[in-house]
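Here's the structure we're looking at; comments come further down.
The residues of the chain are indexed from 1 along the displayed sequence.
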Amino acid sequence: MTEARIGIIGTGWWATDTHIPALLAHPKARLVALCDSDPARLQAAADRYGQGENGQGEKEGANNSTDTVGVYTDVHQMLAEATLDGVIVVSSNATHYAVTKACLQAGVHVMLEKPMTLHAAEAQELVELSAQAGKELIIGYPFNFAPYAVRARAVIAGGELGAIQYVDLIYSSFMTPLFTGEGFAGRAFNVHGPDQYTKPALLGGGHGQVQITHGAGLLFYVTGLQPQRVSALMRNHGLAVDLINVMTVQFGQDAVGTAGGSGNYRGLVFRLLVGCENGWIDIDAQKGVGLIHHDGHTEEIRYDAQAAAHPLPYATAHNLVDVITGDATNGSSAEVGWRAVELLEAAYRSANQDGAFVDVSDLYR
């Protein structure tokens with residue numbers, strides 16, 4: 001296939017600032033449909049990137065087609081009427097399961113933003129449905145496409161470092177302005193700014209569901225581990241959602257570790273350490289560096305964001321297009337997203353029980 005016809009479900013700030021520009025920058029992508037349950041938000045996106053009621057919107061990048069982009073307020077109508085090869089689901093976290101299930105049942109490939117779902121049983125169902133439908137389900141973890149992550153995964157999978165014994169993950173960033181509703185003062189957005197972070201029912205949680213999930217996606221991508229038991233403490237510090245997360249995790253294969261971070265850190269710390277029998281991996285995603293220590297030698301893998309052809313956040317949308325056209329395989333599988341959901345759901349349950357260990361198997365009862 002020489003062209004991938006893509007629809008966008010959810011036209012909030014991440015769709016209009018990242019995923020749509022990513023599609024327009026890909027020579028084989030064609031944006032054919034936009035869908036959002038909020039008519040005003042949908043119209044604003046259509047005016048910028050398609051043809052809304054006010055005429056032809058702005059077209060950017062390599063995709064300079066003048067075809068009309070269809071606009072829909074109902075997912076099922078879009079799936080029934082638009083000719084689609086794939087969709088990007090960027091709707092609210094609480095809707096991910098139902099929307100993605102409908103897309104897979106309609107026979108299209110899906111790139112689903114993180115977190116995959118809010119419940120492990122839903123994630124498992126989507127993994128199974130994807131396999132049954134013969135359609136790829138890509139989860140929105142762009143860091144999994146960085147060269148240090150791809151190399152670290154290959155080294156561990158190849159057994160070069162032996163069994164994994166210890167994992168340490170930290171993801172800290174400045175989410176307080178979003179959780180308070182203040183937003184990013186002075187930042188310009190393509191269409192509109194973020195507004196979902198003050199809506200716990202749609203978000204499903206705070207720093208854990210929004211940011212720790214990034215780290216969890218990288219952790220499970222690189223290691224191939226599965227969580228078995230989780231103990232967690234969380235603190236809101238006056239917010240409607242969690243701001244601080246601390247987790248102790250027992251994984252399969254006799255590995256143990258920690259995961260956590262703060263949403264009130266004025267900067268970014270994204271670090272993953274994986275200790276193995278015969279060496280260790282040290283990934284500093286904020287700096288774009290991965291180190292592999294083995295037999296007294298250190299291999300360094302760098303990602304130079306300045307030299308990259310496209311921003312790293314474009315990687316997931318581009319992977320969807322490349323999967324459809326046959327130019328690539330799934331680079332961030334639903335299996336990885338599923339394990340991240342298991343970790344987070346168990347962590348939130350544990351935090352509600354003052355840190356008591358929660359068995360992942362209990363999430364399916």
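Side-chain atoms of Thr11 and Tyr49, non-hydrogen and from C-beta on, never get closer than 4.5 Å to each other. Using a 4.5 Å heavy-atom cutoff, the side chains of Val249 and Thr258 are not in contact. Between Val358 and Gln353 the shortest side-chain heavy-atom distance falls below 4.5 Å. Side-chain contact between Thr198 and Leu239 is absent, with no heavy atoms from C-beta onward closer than 4.5 Å. Here the side chains of Tyr72 and Leu34 are not in contact, with every heavy-atom distance at 4.5 Å or above. A 4.5 Å side-chain heavy-atom check between Leu291 and His293 finds at least one atom pair inside the cut-off. Counting heavy atoms from C-beta outward, Ile324 and Asp327 have side chains that stay 4.5 Å or more apart. Side-chain contact between Phe220 and Gln226 is absent, with no heavy-atom pair separated by less than 4.5 Å.
Cluster annotation: Ile212 is connected to Leu268 through the hydrophobic network of ILVMFWY side chains, with a link wherever side-chain heavy atoms come within less than 4.5 Å. In the hydrophobic cluster analysis, where Ile, Leu, Val, Met, Phe, Trp and Tyr join through side-chain heavy atoms closer than 4.5 angstrom, Leu218 is grouped together with Ile156. Cluster annotation: Val99 and Val341 are assigned to the same hydrophobic cluster (Ile/Leu/Val/Met/Phe/Trp/Tyr, side-chain heavy-atom contacts under 4.5 Å, transitive). Hydrophobic clustering, with ILVMFWY side chains joined whenever heavy atoms are under 4.5 angstrom apart, keeps Leu272 apart from Val269. Val155 and Trp280 end up in different hydrophobic clusters when Ile, Leu, Val, Met, Phe, Trp and Tyr side chains are linked at under 4.5 Å.
For Trp14 and Glu113, the side-chain atoms include at least one donor-acceptor pair closer than 3.5 Å. Between Asn190 and Thr16, the side chains place no donor N or O within less than 3.5 Å of an acceptor N or O (distance only, hydrogens not considered). Side-chain N/O atoms of Tyr221 and Ser333 include no donor and acceptor closer than 3.5 Å. Side-chain contact, Ser262 with Asn264: no donor N or O sits under 3.5 Å from an acceptor N or O. A donor-acceptor contact under 3.5 angstrom links the side chains of Ser173 and Gln211, judged on distance only. With no hydrogens or angles considered, a side-chain donor-acceptor pair links Asn245 and His207 at under 3.5 Å. A donor-acceptor pair shorter than 3.5 Å can be found between the side chains of Asp242 and Tyr348.
In Asp254, the CG atom is not crowded: 12 or fewer heavy atoms of neighbouring residues, nucleotides or ligands sit closer than 6.0 Å.
Judged as a ring-ring contact (aromatic ring centres under 6.0 Å, His included), and not counting sequence neighbours, Tyr303 has no contacts. Under the salt bridge (charged side-chain N to carboxylate O under 4.0 Å, His left out) criterion, Arg5 pairs with Asp85, sequence neighbours left out. Arg302 meets the side chain to side chain donor-acceptor pair (under 3.5 Å) test with Glu300; sequence neighbours excluded. In this view, Ala328 and Asn319, Asp322 satisfy the side chain to side chain contact (heavy atoms under 4.5 Å, CB included) rule, not counting sequence neighbours. For His192, there are no ring-ring contact (aromatic ring centres under 6.0 Å, His included) partners two or more places apart in sequence or in a different chain.
Using cut-offs of 30° and 60° on the angle between ring planes, the pair His214 and Tyr171 is parallel.
In plain terms, the two heavy atoms of Ile9 and Cys103 that are nearest each other are CD1-SG, 3.5 Å. The nearest pair of heavy atoms linking Leu343 to Pro227 is N-CG, 4.0 Å. When every heavy atom of Ala22 is checked against every heavy atom of Tyr314, the shortest pair comes out as CB-CG, 3.5 Å. Across Ala201 and Ala94, no two heavy atoms sit closer than the pair O-CB, 3.5 Å. Taking each heavy atom of Val336 and Gly217 in turn, the nearest pair found is CG1-O, 3.2 Å. Taking all atoms of both residues into account, the shortest heavy-atom contact from Gly337 to Tyr141 is CA-CE1, 4.1 Å.
Taking NE2 of His19 as the reference point, atom CG of Leu31 lies at 13.0 Å (rounded to 0.5 Å). Note that the CD1 atom of Ile6 and the CD1 atom of Ile20 stand 12.0 Å from one another [nearest 0.5 Å]. With values rounded to the nearest 0.5 angstrom, Leu273 atom CG is found 9.5 Å from Asp284 atom CG. The CG atom of Leu225 sits 5.5 Å away from the CD atom of Gln253 when rounded to the nearest 0.5 Å.
With Asp359 contributing its side chain and Ser361 its backbone, the two residues share no donor-acceptor pair below 3.5 Å. Remark: the backbone N or O of His297 is not paired with any side-chain donor or acceptor of Asp295 at under 3.5 angstrom. A donor-acceptor pair under 3.5 Å is formed between the side chain of Asn330 and the backbone N or O of Leu137. Put simply, the side chain of Asn236 never gets that close to the backbone of Gly238: no donor and acceptor are under 3.5 Å apart. A distance-only check finds no donor-acceptor pair linking the side chain of Ser350 to the backbone of Ala346 [under 3.5 Å]. Side-chain N or O atoms of Thr316 include none that pairs as donor or acceptor with a backbone N or O of Pro142 at under 3.5 Å.
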### Task
Could you walk me through whether Leu23 and Ile8 pass side chain to side chain contact (heavy atoms under 4.5 Å, CB included), step by step?
CA-CA 10 Å; Leu23 291 178; Ile8 299 282; 3.8 Å; yes
### Task
Decide salt bridge (charged side-chain N to carboxylate O under 4.0 Å, His left out) for Asp282 and Arg271; before the verdict, give the C-alpha distance in whole Å, the side-chain angles of both, and the deciding distance to 0.1 Å.
CA-CA 7 Å; Asp282 180 355; Arg271 193 89 177 267; 2.7 Å; yes
### Task
Could you check Thr2 against Thr325 for side chain to side chain contact (heavy atoms under 4.5 Å, CB included), going step by step and ending with a plain yes or no?
CA-CA 6 Å; Thr2 59; Thr325 59; over 6 Å; no
### Task
Give the C-alpha distance, both sets of side-chain angles, the deciding distance and a yes or no for side chain to side chain contact (heavy atoms under 4.5 Å, CB included) between Thr117 and Leu126.
CA-CA 9 Å; Thr117 61; Leu126 292 181; 3.7 Å; yes
### Task
Begin from the C-alpha positions of Leu118 and Asn93 and carry the test side chain to side chain contact (heavy atoms under 4.5 Å, CB included) through to its verdict.
CA-CA 7 Å; Leu118 299 181; Asn93 297 347; 4.0 Å; yes
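A salt bridge links Glu299 with Arg151: the closest approach of a Lys/Arg side-chain nitrogen to an acidic carboxylate oxygen falls below 4.0 angstrom. Under a 4.0 Å N-O distance rule, the pair Lys28/Glu3 does not qualify as a salt bridge. Salt bridge Asp362/Arg349: absent, no basic N to carboxylate O contact under 4.0 Å.
Considering Glu136, Met111, His318 as possible partners of Val323, the one that fulfils the side chain to side chain contact (heavy atoms under 4.5 Å, CB included) test is Glu136. Just one of Leu344, Thr213, Val127, Thr100 meets the side chain to side chain contact (heavy atoms under 4.5 Å, CB included) condition when paired with Met116; it is Val127.
Judged by a 6.0 Å distance limit and a 45° cone about the ring axis, Arg229 is positioned over the six-membered ring of Phe357.
Sorted pairs that involve residues 85-111 and meet ring-ring contact (aromatic ring centres under 6.0 Å, His included), not counting sequence neighbours, are lacking altogether.
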